[in-house]
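Data first, discussion second: the structure below is written as structure tokens.
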Amino acid sequence: PIPETQWAQVVEKKGGPPVYKQIPVPKPGPDEVLVKMKYTGVCHTDLHAMNGDWPLTVKQNLVGGHEGAGIVVAKGSLAQGIEIGDHAGIKWLNGSCLACEFCKTADEPLCPDAQLSGYTVDGTFQQYAIGKAAHVAKLPKEVSLDAIAPILCAGITVYKGLKESGARPGQTVAIVGAGGGLGSLAQQYAKAMGLRVIAIDGGEEKKAMCEKLGAEAYVDFTKSTDLVADVKAATPDGLGAHAVLLLAVSEKPFQQAVEYARSRGTIVAIGLPAHAFLKAPVFETVVKMISIKGSYVGNRQDGVEAIDFYARGLIKAPFKTVPLKELPEVFKLMEEGKIAGRYVLEIPE
Ligand code: 8ID
Ligand code: ZN
Ligand code: ZN
């Protein structure tokens with residue numbers, strides 16, 4: 001039976017910390033499912049949501065989280081394509097209108113009426129979470145629910161970003177913020193897609209992790225005295241990276257990437273540092289024919305594909321598991337940049 005109340009982490013005031021407390025179990029609407037959460041990843045976006053540092057209004061008394069994996073326990077009368085007992089993932093895109101031009105052309109993250117898990121609607125840091133049936137990810141039963149959780153935001157996002165970069169097998173991608181949650185998965189997807197990886201991040205723990213994940217070079221932004229030269233030197237012919245994936249939560253690399261991107265290269269902005277601007281010298285951008293673009297999560301099919309890469313055993317990134325109760329401690333480590341890979345929260349029974 002589904003209980004009336006449940007444990008949740010609730011952000012009651014801007015800046016947090018989240019409060020671990022009992023709240024009502026939500027009831028699914030006609031086009032929704034109720035998912036009993038087993039595991040949820042903690043994304044840096046959850047920290048942005050708690051701090052309210054983006055120019056996008058966040059729900060009051062927010063249950064954060066948008067990388068949740070669990071089991072469908074109830075569904076509305078119009079919920080199609082997913083059944084009670086199915087394993088399901090709740091993603092950042094909780095729902096969209098399905099009727100606008102973006103939804104019709106498989107760009108549903110760009111829907112002007114998109115609902116965002118753990119931001120505009122309650123997310124996965126609770127025992128029972130709601131998702132629109134059309135948008136929840138159906139998960140193969142043989143994949144473990146802890147390891148798949150980070151795929152549901154970080155994995156999908158970096159997979160999409162790599163596709164958006166246009167990089168082809170054999171080409172080099174520089175991954176900025178490679179030691180973080182998105183970055184660790186980006187290295188694995190890049191490798192699986194036949195790309196060569198230069199990892200950029202800080203510290204020895206992240207260096208060791210990146211080398212394990214398959215990076216051909218690691219450039220430490222905290223130690224390098226000439227980051228641009230070091231990144232270029234790490235490419236096979238010294239001419240720079242074909243693609244740059246910007247995943248860091250700081251502005252500097254968003255101002256610098258053009259300098260180590262190769263001519264004809266593509267820079268994909270994905271990280272969302274608050275109040276930051278992209279800046280590029282016009283001269284170099286023009287004469288090197290650089291493309292600069294943003295990439296925002298992925299559509300439903302990107303989700304299917306990213307999960308499929310994982311299910312085929314191609315993606316192995318490290319994660320640490322702690323109980324839901326310990327979310328404030330995870331946020332603290334994240335704020336300090338001390339997490340190599342991802343944290344996954346275990347939801348109590
Ligand atoms: O759809 C999207 N565009 C999307 C989806 C999911 C997440 C965007 N995001 C955003 C998050 O909101 C966040 O702003 O991507 C960013 C990264 O999320 P994350 O991977 O969950 O964060 P993390 O685990 O804290 O990793 C960030 C890494 O960046 C490194 C840190 O050391 C850390 O490992 N880093 C920083 I901060 N400054 C750096 C620098 N100058 C840097 N690495 C290299 N150079
Ligand atoms: Zn996320
Ligand atoms: Zn729409």
Side-chain angles (χ1 to χ4, degrees), residues 40-49 51 53-54 64-68 91-93 95-119 123-124 134-135 149-161 164 174-186 198-203 205-207 209-210 218-222 224 227 231 244-257 268-274 276 293-298 302 317 319 330-331 333-343:
T40 175
V42 184
C43 180
H44 207 111
T45 292
D46 300 311
L47 189 53
H48 293 295
N51 291 332
D53 61 18
W54 288 344
H66 57 273
E67 284 185 343
K91 300 170 293 178
W92 174 246
L93 201 67
S96 73
C97 81
L98 304 175
C100 71
E101 179 183 317
F102 300 105
C103 284
K104 283 183 196 155
T105 55
D107 259 338
E108 58 264 17
L110 307 181
C111 176
D113 296 318
Q115 287 138 318
L116 309 174
S117 307
Y119 201 94
T124 58
H135 280 285
I151 303 296
L152 296 167
C153 173
I156 292 171
T157 300
V158 299
Y159 172 63
K160 177 70 158 187
E164 288 286 320
I175 299 177
V176 188
L182 268 62
S184 55
L185 281 163
I198 298 170
I200 308 171
D201 211 310
E205 190 189 358
K206 290 177 183 174
K207 176 175 198 261
M209 184 190 76
C210 292
Y218 178 81
V219 178
D220 190 324
F221 80 95
T222 64
S224 171
L227 187 106
V231 174
V244 182
L245 237 52
L246 292 167
L247 309 172
V249 195
S250 66
E251 189 173 27
K252 178 85 187 282
F254 288 76
Q255 318 269 7
Q256 205 174 35
V268 186
I270 293 174
L272 289 158
K293 64 194 321 200
S295 187
Y296 183 40
V297 288
D302 295 317
F319 62 92
V330 176
F331 276 154
L333 290 172
M334 185 176 269
E335 193 105 60
E336 293 164 356
K338 284 190 184 147
I339 301 176
R342 204 50 141 192
Y343 265 90

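Counting starts at 1 for both ligands and their atoms, following the listed order.
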Option nearest atom 32 (O) of ligand 1 (shortest heavy-atom distance, choices V176, D201, V158) = D201

Do any nitrogen or oxygen atoms of V297 lie less than 3.5 angstrom from nitrogen or oxygen atoms of ligand 1?
-> yes

Among the heavy atoms of P253, does any lie under 4.0 Å from an atom of ligand 1?
-> yes

Taking non-hydrogen atoms only, is Y296 closer than 4.0 angstrom to ligand 1 via side chain, backbone, both or neither?
-> both

For ligand 1, which atoms, with element, lie under 4.0 Å from some heavy atom of G177?
-> 28 (C), 29 (O), 30 (C), 43 (N), 44 (C)

Exceeds 12 heavy-atom contacts within 6.0 angstrom, atom CD of Q255 = yes

For S250, the ligand 1 atoms with a heavy-atom partner under 4.0 Å come out as 36 (C), 38 (N), 39 (C), 40 (C), 41 (N)

Where do E67 and A154 come nearest, in terms of heavy atoms and distance?
-> OE2-N, 3.0 Å

Does K206 reach ligand 1, in the sense of a heavy atom lying below 4.0 Å from it?
-> yes

So, does F254 sit close enough to ligand 1 that a heavy atom of it is under 4.0 Å from the ligand?
-> no

Any side-chain heavy-atom pair of L98 and S96 under 4.5 Å = yes

Close approach of K252 to ligand 1, heavy atoms, under 4.0 angstrom | no

In degrees, rounded to 10 degrees, what angle do C103 atom SG and C111 atom SG make at the Zn ion (ligand 3)?
-> 110°

Closest to atom 8 (C) of ligand 1 (heavy atoms only, candidates I156, T45, I270) is I270

If we only count N/O pairs under 3.5 Å, is G337 in contact with ligand 1?
-> no

Distance-only donor-acceptor check, side chains Y296 and W92, under 3.5 Å = yes

Degrees at the Zn ion (ligand 2) between the SG atom of C43 and the SG atom of C153, nearest 10° = 130°

Would you mind listing which atoms of ligand 1 come within a distance below 4.0 Å of any non-hydrogen atom of L247?
-> 16 (C), 17 (C)

Could you tell me whether any N, O or S atom belonging to H44 is less than 2.8 Å from the Zn ion (ligand 2)?
-> no

Within the 4.0 Å heavy-atom cut-off, what S295 brings close to ligand 1 is backbone

For atom 18 (O) of ligand 1, the protein heavy atom that lies nearest, with its residue and separation = H44 CB, 3.4 Å

